[in-house]
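First the structure, in the form of structure tokens, and then the observations on it.
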Amino acid sequence: MRWSQLFGHTWRDDPADAEVPSHRLLVRAGYIRRVASGIYAWLPLGRRVLARVERIVREEMDAAGASEVLLPIVQPLEPWQRTGREQAYGPLMFRLTDRREARYCLAPTAEEVITSLVAGEATSYRDLPRNLYQIGWKYRDELRPRFGLLRAREFLMKDAYSFDVDAAGLERSYRAMFDAYRRTFERCGLEVRAVEGSSGEIGGEVNHEFMAVAAVGEDDFVWCRSCDHAANVEVARRGGPPPSVAPPAPAAPPMEEVPTPGAASIPEVAALVGVEPSALAKVLAFEVDGELGLAVLPGDRELNEVALARAVAPARVRLLGDEDFAARPDLPRGFLGPHHPAASLVVVDRWVTPGSVWVTGANTVDHHVRNAVAGRDFPVDRAADLAVVRAGDPCPVCGGELGVDRGIEVGQVFQLGTKYSEALGATYTDAEGRSHPMVMGCYGIGISRIVAAVVEQHHDEAGIAWPPALAPFRLQLIALAGEGVREAAERLYDRLRGAGVEVLYDDRDARAGVKFADADLVGLPLQVIVGPRGLAAGLVERKHRRSGGRDEVPIDDLDAILAS
RNA sequence: CGGGGAGUGGCGCAGAGGUAGCGCACCUGCUUUGGGGGCAGGCGGUCGCGGGUUCGAAUCCCGCCUCCCCGACCA
């Protein structure tokens, strides 16, 4: 394609509304334009990159045995009400009403539609297993769209759904998708980690998230430096406490009150009592089923609220706030102890092991206690991984050291089980004539998000540096000014096109500096420069975008020009 | 939804009561020609929207809308 025919041009300045590199560069280089908050138009360059990702995903899905379908974007709301997800999604769904007052939504995902579809189509065990996927636009009215394509309200997603006769079949389908995902991201040039995920709204138990490592990621995940364990920080666990942390001391002296006037914070108490913050037991009050609950964790740790919610599920947790403490003088904030008489449930972090000894609140203003022994002086109703995992914590699998990184979630795989098939009547008849719900899995890849994630991982100050598989064109042909140069470039352009090479040919009447700067910004892997210097010797210069390396090859030698 | 910031030519910005300006981009011409040149000329703006104050509003006041950042939220 000739640059002079390309729609959309490059900007010299960063757009004022873009913060992260992928957003800035994709706009500056003319790949996308914002239409509304979280909604983007794809210009020709961007459309081509999107198509590249789609193609890779399609090839890997097909190779994994999935069949492509195309489901509607406008979906009736009724099945969403049957699965209870209309409520669960709430305002995240774009809703619309037709002229007869029938209610619809714009697809945020497609479990309901696909399950209803399969329910009417597959009724025998002979029809299973099946894995259906589509690539289509999805809509979520995010509270806060941000970072350009990374959290958009309209985004392109590949969603796949597997239907099996039993758990073993699901396990096979899941494994096949998991492996296909690894290959897909690798082909896209993304460095990803597969981490144990949190399930969120969708339900189901086993699931993994594929995280593209990036500073601008919205998710923290932990990973082990010694084994392949990795997990979203929301569900991350850590290994047993190191011996330095409150070792069990069954023979500890009796619990003893110590005055700590005015010391209501962990650092103050630690300093006053003369122990490390990690030797304190931090107590957080929450409400569960109208009763008082206490969460207990080492003083130097933050509470993972998702973990607490999981520990008391299905009951709902609400941490007490300022008003609650104001209303309950029996809960002296800053001096709470786990032996509070009003507490009906005490959930401790796993590092608060039975028999371990702690300094903690005395449930009396200006007082704490020392030698509080877990299980002796305060009850341990339940133990869970309540603390947010930190870098340096032990791995729960192998005991190695955990690291923490940020990532962009580019894919997720779920074992759903029968939640949707039961709610929507997707059943099959087995060989004995009995009816069973199908066992489902679902698998998503954020196609448009991959585009942004790849730019986050592959850019520099000058612009984007696409992995070859995703570049909108294979190379950029740059014609400089000079005697006979334009004619030579035109001939080379024709020959390259004749050889089936996708070329972006900068045929503009612009200065060399402008063309070089734009080429670096647009980010094709290879720049082929036809200029007066080389042409005199029958040579063109090549610049490799990622390495910055340059070489010269004969202008007549297509193989040399295209060599990597 | 809470906190913060911003809406002025296509893009980036200045202007803070006296009738709109700069850089880039775009158009014309000359010049220049291997890393975003130079000179000259030119096109282009309901100053987010609505109301108010004033002789006069981009500027002050009120209301609304939109966008961005932090948080909450989030297959």
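Per chain, numbering begins at 1; letters A, B, ... match sequence-line order. Being a predicted model, the structure only gives us computed values, none of them experimental.
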Next item on the list: With salt bridge (Lys or Arg N to Asp or Glu O under 4.0 Å) as the test, would you mind laying out the steps for A:E409 and A:R151 before giving the verdict?
Entry: CA-CA 10 Å; A:E409 185 188 332; A:R151 179 161 297 279; over 6 Å; no

Starting at atom [atom1] of [X], determine the distance to atom [atom2] of [N], rounded to an integer number of angstrom.
X: A:D17; N: B:G12; atom1: CG; atom2: P; answer: 7 Å
X: A:Q87; N: B:C74; atom1: CD; atom2: P; answer: 14 Å
X: A:H23; N: B:C68; atom1: NE2; atom2: C1'; answer: 10 Å
X: A:R153; N: B:C74; atom1: CZ; atom2: P; answer: 18 Å
X: A:R24; N: B:C68; atom1: CZ; atom2: P; answer: 16 Å
X: A:R34; N: B:G10; atom1: CZ; atom2: P; answer: 15 Å
X: A:D13; N: B:A14; atom1: CG; atom2: C1'; answer: 14 Å
X: A:L25; N: B:C11; atom1: CG; atom2: P; answer: 18 Å

Across all strands shown, which nucleotide pairs with [N] by Watson-Crick or G-U wobble geometry, both distances under 3.5 Å?
N: B:U53; answer: none
N: B:C39; answer: B:G29
N: B:G2; answer: B:C70
N: B:A20; answer: none
N: B:C64; answer: B:G48

Pairwise [atom1] distance, [M] and [N] [rounded to whole Å]:
N: B:C67; M: B:U28; atom1: P; result: 37 Å
N: B:U66; M: B:G48; atom1: C1'; result: 7 Å
N: B:A14; M: B:A6; atom1: C1'; result: 15 Å
N: B:G36; M: B:G12; atom1: C1'; result: 15 Å
N: B:C1; M: B:C64; atom1: P; result: 12 Å
N: B:G50; M: B:A57; atom1: P; result: 14 Å
N: B:C22; M: B:G51; atom1: P; result: 31 Å
N: B:A25; M: B:A58; atom1: C1'; result: 24 Å

Note to self: I need a per-nucleotide contact map over nucleotides 26-39 of chain B, read 5' to 3'. Cutoff is protein heavy atoms under 4.0 Å; write B for the base, S for backbone only, - otherwise.
What the structure shows: ------BBBBBB--

Produce the list of close N/O pairs, under 3.5 Å, pairing protein atoms with atoms of nucleotides 70-73 of chain B; give distances to one decimal.
residue : atom : partner : partner atom : Å
B:C70   : OP2  : A:R144  : NH1          : 3.4
B:C70   : OP2  : A:R144  : NH2          : 2.1
B:G71   : N7   : A:R144  : NH1          : 3.4
B:C73   : N4   : A:R146  : NH2          : 3.3

Checklist line | B:U66 phosphate, OP1 or OP2, under 4.0 Å from A:S37 side-chain N/O | finding: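 The answer is no; no side-chain N or O of A:S37 sits under 4.0 Å from OP1 or OP2.
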
Margin query: Which residue in the set A:V233, A:V389, A:V222, A:V388 passes side chain to side chain contact (heavy atoms under 4.5 Å, CB included) when paired with A:V404?
Written below: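 Per the side chain to side chain contact (heavy atoms under 4.5 Å, CB included) rule, the option paired with A:V404 is A:V222, out of A:V233, A:V389, A:V222, A:V388.
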
Notebook entry, point to check: Is there side-chain contact between A:K282 and A:I266, with at least one heavy-atom pair below 4.5 Å?
Noted result: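 Yes, side chains in contact.
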
Check: Considering only heavy atoms from C-beta outward, does the side chain of A:L492 approach that of A:V503 to under 4.5 Å?
Finding: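 Answer no - side chains too far apart.
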
Notebook entry, point to check: Does the ring centre of A:F178 sit less than 6.0 Å away from the ring centre of A:F210?
Noted result: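 Here the rings of A:F178 and A:F210 have centres that are less than 6.0 Å from each other.
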
Note to self: Is B:A58 syn or anti, taking syn as a glycosidic angle within 90° of 0?
What the structure shows: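 What B:A58 shows is an anti base, its glycosidic angle lying more than 90° from 0.
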
Check: Can you name the side chain to side chain contact (heavy atoms under 4.5 Å, CB included) partners of A:R486, sequence neighbours left out?
Finding: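 A:R486: side chain to side chain contact (heavy atoms under 4.5 Å, CB included) contacts with A:A479, A:E490, A:Y505, A:D507, A:K515.
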
Checklist line | Steps toward salt bridge (Lys or Arg N to Asp or Glu O under 4.0 Å) verdict (A:R310, A:E234) | finding: CA-CA 10 Å; A:R310 215 172 22 248; A:E234 286 182 358; over 6 Å; no

Check: Out of A:R545, A:R546, A:E191, which one pairs with A:H458 under the side chain to side chain donor-acceptor pair (under 3.5 Å) rule?
Finding: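 Only one of A:R545, A:R546, A:E191 forms a side chain to side chain donor-acceptor pair (under 3.5 Å) with A:H458, namely A:R546.
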
Notebook entry, point to check: On RNA chain B, nearest-nucleotide positions of A:P15 versus A:F155: which is more 5'?
Noted result: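 With A:P15 and A:F155 compared, the 5'-side residue is A:P15.
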
Margin query: Both A:D14 and A:K138 contact RNA chain B. Which one's nearest nucleotide lies toward the 5' end?
Written below: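 Whichever sits nearer the 5' end wins; that is A:D14.
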
Checklist line | Derivation and outcome, side chain to side chain contact (heavy atoms under 4.5 Å, CB included), residues A:V530 and A:Y493 | finding: CA-CA 11 Å; A:V530 185; A:Y493 176 54; over 6 Å; no

Margin query: Any salt bridge linking A:E541 with A:R533? Criterion: basic side-chain nitrogen under 4.0 Å from a carboxylate oxygen.
Written below: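 Looking at A:E541 and A:R533, the cut-off is not met.
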
Notebook entry, point to check: Has A:R48 got its NZ or CZ under 6.0 Å from the middle of the six-membered ring of A:F473, at an angle within 45 degrees of the ring axis?
Noted result: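 Yes, a cation-pi geometry.
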
